[in-house]
Amino acid sequence: MLARPRRLTRGDDYRFVVRRGARCAGTSTVTHVVLTAEPRAARFGFIVSKAVGNAVTRNTVRRRLKAVCAEALPDVREGADVVIRALPSAATASFAELRAEVTRCLGRRAAKDRTVADASSDRDGAR
């Protein structure tokens with residue numbers, strides 16, 4: 001489980017990361033990442049809409065994503081803000097599929113060996 005300092009909790013933080021962050025899309029999730037120079041723990045947020053399924057399905061998907069992020073935490077750069085939006089196909093994806101997809105995106109966008117300058121050049125090149 002992700003402790004409170006490791007979670008995004010404010011709507012403004014979610015909006016900032018989704019609008020300004022580098023994006024990595026997969027078949028079941030879309031991952032948005034903003035790298036900051038702040039000396040704090042990485043923070044994660046999850047968006048699982050009603051399109052994913054009923055409440056039980058949405059909570060299952062959210063718990064799986066939280067577990068994947070808790071596993072990947074040692075490899076995520078300090079100061080990173082990450083928002084993972086689950087797509088409807090996440091409801092039928094296995095834990096291993098979700099793990100592979102999220103790990104790939106975190107490795108591309110929020111790995112410890114990436115710098116803030118690397119992330120901003122990716123975003124500028126995508127425009």
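Please read all numbers here as calculations on a predicted model, not as lab measurements. When a residue number appears, it is its place in the shown sequence, counting from 1.
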What's the spacing between [X] [atom1] and [Y] [atom2] if we round to 0.5 Å?
X	Y	atom1	atom2	answer
Arg6	Lys66	CZ	NZ	14.5 Å
Arg63	Thr60	CZ	OG1	4.5 Å
Arg85	Ser49	CZ	OG	8.0 Å
Arg23	Arg109	CZ	CZ	9.5 Å
Asp75	Leu106	CG	CG	9.0 Å
Ile47	Arg62	CD1	CZ	10.0 Å

Among Val76, Val82, Ile84, the one residue meeting side-chain contact (heavy atoms from CB on, under 4.5 Å) with Cys69: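 So the option named by the test is Ile84.
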Write down the atom of [X], the atom of [Y], and the distance for their closest heavy-atom approach.
X	Y	answer
Pro88	Ala51	CB-O, 3.7 Å
Leu35	Val33	CD2-CG1, 3.9 Å
Val52	Ala86	CG2-O, 3.8 Å
Arg40	Ala80	NH1-O, 3.8 Å

Are any of the side-chain heavy atoms of [X] and [Y] separated by less than 4.5 Å?
X	Y	result
Arg58	Lys50	yes
Glu78	Pro39	yes
Asn59	Val61	no

Got a donor-acceptor contact below 3.5 angstrom from the [X] side chain to the [Y] backbone?
X	Y	result
Arg64	Ala90	no
Thr29	Thr31	no
Arg43	Leu8	no
Thr57	Ala91	no

Basic-acidic side-chain contact under 4.0 Å: Arg20, Asp81: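 Salt bridge flag = no for Asp81 with Arg20.
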Co-membership, hydrophobic cluster, residues Tyr14 and Val17, 4.5 Å side-chain: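 Yes, Tyr14 connects to Val17 through the hydrophobic network.
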Single-linkage hydrophobic cluster, 4.5 Å side-chain cutoff, Phe95 and Phe44 together: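 The answer is yes; both residues are in one hydrophobic cluster.
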Stepwise salt bridge (charged side-chain N to carboxylate O under 4.0 Å, His left out) check, Arg7 with Asp13: CA-CA 10 Å; Arg7 293 193 316 247; Asp13 292 338; over 6 Å; no
From CA spacing to verdict: salt bridge (charged side-chain N to carboxylate O under 4.0 Å, His left out), Arg99, Glu71: CA-CA 9 Å; Arg99 180 190 306 147; Glu71 279 181 14; 3.2 Å; yes
Evaluation steps, side-chain contact (heavy atoms from CB on, under 4.5 Å), between Phe16 and Val34: CA-CA 9 Å; Phe16 180 78; Val34 170; 3.8 Å; yes
Side-chain donor-acceptor contact under 3.5 Å, Glu101 with Thr27: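 Thr27 and Glu101 do have a side-chain donor-acceptor pair below 3.5 Å.
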